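Heads up: the structure comes next, in structure tokens.
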Amino acid sequence: MTLVAAHLYKQFGPTRAASDVSITLRTGTVHAIVGENGAGKSTTLRMLGGATRPDSGEMTLRDAPYAPQSIVDATLRGVALVHQEITINRSLNIAENIFIGNLRSYARPLGIMKRKQMATVAQAALDRIGVDISVSTSIDRLNLGELKCIEIARAISSNPNTLLLDESTAYLDHREVDAVLRVMRELKSQGMTIGFVSHHLSEVLAAADDLTILKDGQFVGSFRATEVEEGEIHRLMVGRDLTHGTYPPRASPPALSAPAILRAEKVAVGRELNEITIEVRRGEILGLAGLKGAGAEALFAGIVGDEPLRHGFMQLAGKNYHPSNPRAAWKHGIAHLPGDRGNEGLIAGFSVLDNLVMARPPRRGPFFDRSRARAMSKELIKLIGIRTSGADAPCRSLSGGNMQKVVLGKCLAVGPELLLLNNPTRGVDVGARVEIYGLIRQKAAEGLAIILSSEDMPELIGMSDRLVVLRQGVIAREFPSAEGVQEHDVVQYMT
Amino acid sequence: MNEVSGVNAGDDTVIPVGGWKVPRIDLLRRGFPLIFLVILITVFTIMSPRFLSLDNLSTVLEQGTVLLVAALGMTFIIMAGSIDISVGAIVAVSALVAALTADTLGAWAIIPAIAAGALCGCINGLLLAVGKVPSFIATMGTMVVYRGLVLYFTRGAPVSIDDDSFLGTYSDYSWGIPHSVMIGLALALLAWGIINYTVFGREVRAIGGGERVSILTGISVTRVKILMFVLLGALSGMAGLLQGARTMAATSQLGLGLELDVIAAVVVGGTPLTGGLGSIVNTMLGVLIITLLSSGMNMAGVDPYLQNIIKGAVLICAVFVTIDRKKIGIIK
């Protein structure tokens with residue numbers, strides 16, 4: 001029951017999303033599809049799963065022709081697709097979420113649900129994928145990784161022989177990624193064939209038997225995971241070797257005795273952050289490690305004035321600083337790149353220019369100074385290397401990496417003293433990452449103080465001068481220099 | 001630098017970056033108000049040759065002015081993703097204030113009338129921006145209160161306006177053009193300028209495009225929201241004054257149901273209820289469509305009992321064509 005696809009083509013408008021992609025999912029193995037953003041990974045997976053119909057090409061499933069017309073069609077043939085986005089409905093319970101597409105089969109006449117039976121079958125599905133979640137748990141208490149597991153349980157409730165996971169782990173943190181990988185291994189041991197799409201190379205190498213590399217919609221090749229090195233994969237994905245030189249060399253960081261630009265003394269914010277003291281100096285990149293909810297986001301919310309301090313105080317360049325809203329923070333020269341690009345970072349329907357100058361629109365009295373805005377955005381587009389057809393193109397037309405560069409540009413446009421970065425390369429492809437890293441490092445060298453919070457451990461270690469590990473709202477460990485720190489050194493203080 | 005390739009625009013739509021083209025459906029969406037207006041004029045001209053006469057058009061413009069002035073303000077509100085259904089009531093309040101002060105202040109009654117409207121709008125804005133009450137609910141409540149105020153003070157009896165200086169200023173003609181139309185067009189120009197050339201206009205649009213993004217980017221969302229409701233209130237005040245001048249009286253029934261025509265005009269003009277987009281030119285087209293539809297149906301002798309059905313159907317049809325279905329579900 002091998003799923004074989006040969007010479008798949010898919011065109012959206014004038015753009016080739018997938019070109020001559022051939023892929024073979026061997027029975028009972030895990031097959032990863034890797035590539036940069038826009039390489040055609042999702043498109044390929046969606047074609048296999050019936051969500052997108054290829055323009056041309058052949059597919060066979062267990063040696064029989066396979067041309068699914070829809071996701072339902074593919075499910076009936078035993079191929080289940082887990083979408084990239086979390087599609088859990090929080091007003092339903094776990095069992096209802098698992099059987100959302102199939103609720104009718106648990107209905108008595110008049111539509112009354114057979115709750116007990118549904119709960120039993122749902123629990124069996126959760127047990128089968130080996131996650132420790134009880135169906136009676138309230139859905140609000142699950143983290144993203146657990147929600148993803150519920151979606152996997154939903155997918156396997158139709159008893160598929162092939163499971164397709166789309167970028168399942170892009171938004172999950174360390175612990176959550178591990179949970180999903182465990183589920184994949186468990187399903188594989190039960191003979192399930194798995195295809196998955198991912199950005200995270202280390203995770204790919206940890207879980208995959210085979211991998212297929214795509215680049216700009218082109219098929220590069222398929223390999224056994226044991227046959228290729230990580231550097232080689234990088235090179236094939238991007239066209240250059242990135243394992244060395246992903247992170248720009250550190251400039252000599254400022255002395256620890258240098259005065260801090262921002263000092264937060266015993267600050268507590270919301271329920272997450274408990275009385276921590278932290279400071280950052282000019283020209284320094286301070287890294288914040290920690291699981292989701294460990295306090296980094298709360299600290300940022302406190303610094304930008306999005307949430308009030310429950311306790312403690314802050315000083316900016318030696319003067320007391322208590323922002324009542326984000327507007328005050330920007331006025332004080334604190335720029336903030338939020339973690340959720342789509343909902344907090346930029347307005348995708350607006351143009352590149354609109355977003356770039358949003359924080360401090362150039363003005364003449366009450367009037368918007370369009371010509372100066374144009375000049376500013378032209379300069380920023382060049383400085384940051386935003387690949388766009390022009391300043392007036394809507395951000396929606398850009399790739400994830402370029403959208404993130406726009407958010408970064410919006411921050412730099414105000415000439416900040418302090419820059420807060422929350423997962424600046426989340427969902428950003430490798431090539432754009434390197435450019436973003438270079439820019440961040442350059443800005444630090446020019447004297448900008450930066451606080452970087454990231455779930456990407458290599459990034460955090462590679463970019464930070466100094467590293468603070470947060471656990472349950474307090475500082476669990478501080479590394480005065482991130483140079484030479486190993487990933488497991490940090491992770492052990494996180495959990 | 002300008003190396004351009006296809007990029008993924010979310011689910012499965014890929015937009016070419018190079019020559020960023022407007023998809024065909026978007027052209028239909030954008031051109032719809034104009035196309036519709038042309039069709040409307042053609043149909044009514046065939047049904048009633050008098051429809052295109054200068055005399056009739058002048059009447060239509062005068063009728064449409066009250067709607068236009070209020071719709072200018074509503075464009076800002078809808079662009080920011082909010083709604084205000086107390087417009088009709090604010091118009092009644094301002095007309096009453098104008099009527100009560102016209103005797104002593106003459107044409108200067110414009111000041112209390114606009115101030116009353118602005119105050120009503122300010123209350124709406126505070127409820128939304130500070131009280132965090134969704135604008136639909138907040139203005140539904142204030143609609144009843146404002147209308148109730150008018151009823152309370154008039155006891156249901158009309159207050160007539162007969163001050164010559166007032167009527168001469170707001171309901172007379174110069175060079176054959178009604179003063180109200182001149183005022184309406186001047187205000188339209190002003191609103192157009194605010195939307196396109198001021199930072200405030202951009203901030204209103206940004207709030208509609210993404211409120212959370214706007215807050216985190218340091219836009220003073222509270223202030224902008226209050227200001228835009230004050231603006232709508234002031235414009236509704238002006239609309240009330242013009243309506244009072246036209247009918248030479250303020251009544252408790254004045255402007256009843258006007259909010260529906262105002263919202264319909266903005267939406268039919270192509271400004272989506274979901275926020276982030278909007279244009280005064282489109283609102284003007286929408287106002288023309290709504291006004292011509294009413295007066296055209298009358299002239300063409302359409303059964304008056306049938307007219308509401310047609311008007312409602314037209315509104316639904318316009319929303320059906322122009323709405324961006326990806327953004328449904330975020331009307332605040």
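These values consider heavy atoms only, across backbone and side chains, with no hydrogens, waters or symmetry-generated copies. In what follows, every chain begins at residue 1, and chains take the letters A, B, ... in the order their sequences are listed. Because the structure is predicted, anything quoted here is derived from the model rather than measured.
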**Asked** Checking heavy atoms, do the side chain of F367(A), its backbone, both or neither come under 4.5 Å from chain B?
**Response** both
**Residue pair T217(B) / R360(A), side-chain heavy-atom distance below 4.5 Å** = no
**Item:** Charged N-O contact under 4.0 Å between D340(A) and R212(B)
**Value:** no
**Request:** Kindly say whether I219(B) contributes a backbone atom to a donor-acceptor pair with the side chain of W330(A) at under 3.5 angstrom?
**Result:** no
**Asked** Which atoms form the tightest heavy-atom contact between I347(A) and G210(B), and what is the distance?
**Response** CD1-N, 3.6 Å
**Prompt:** Looking at V213(B) and N343(A), what are the two nearest heavy atoms and their distance?
**Reply:** CG2-O, 3.3 Å
**Asked** Tell me, side chain or backbone of R370(A) under 4.5 Å from chain B's heavy atoms, or both, or neither?
**Response** side chain
**Item:** Atom pair CD/CE of E203(B) and M358(A) - distance to nearest 0.5 Å
**Value:** 9.5 Å
**Prompt:** For the atom pair OG1 (T222(B)) and CG (N325(A)), what is the distance rounded to the nearest 0.5 Å?
**Reply:** 7.5 Å
**Asked** So how far is it from R363(A) CZ to F200(B) CZ, rounded to the nearest 0.5 Å?
**Response** 11.5 Å
**Test log, rule side chain to side chain contact (heavy atoms under 4.5 Å, CB included), inputs I215(B) and E344(A)** = CA-CA 9 Å; I215(B) 293 171; E344(A) 303 190 324; over 6 Å; no
**Proximity breakdown for D354(A) and chain B, heavy-atom pairs closer than 4.5 Å** = both
**Fill in**
Note: R327(A) and G218(B) closest approach over all heavy atoms is NH1-O, 3.0 Å
**Message:** To check you understand the geometry: which heavy-atom pair defines the closest contact between P338(A) and L216(B), and what is its length?
**Reply:** CG-CD1, 4.0 Å
**Asked** Which bit of K410(A) is near chain B, if near means a heavy-atom gap under 4.5 Å: side chain, backbone, both or neither?
**Response** side chain
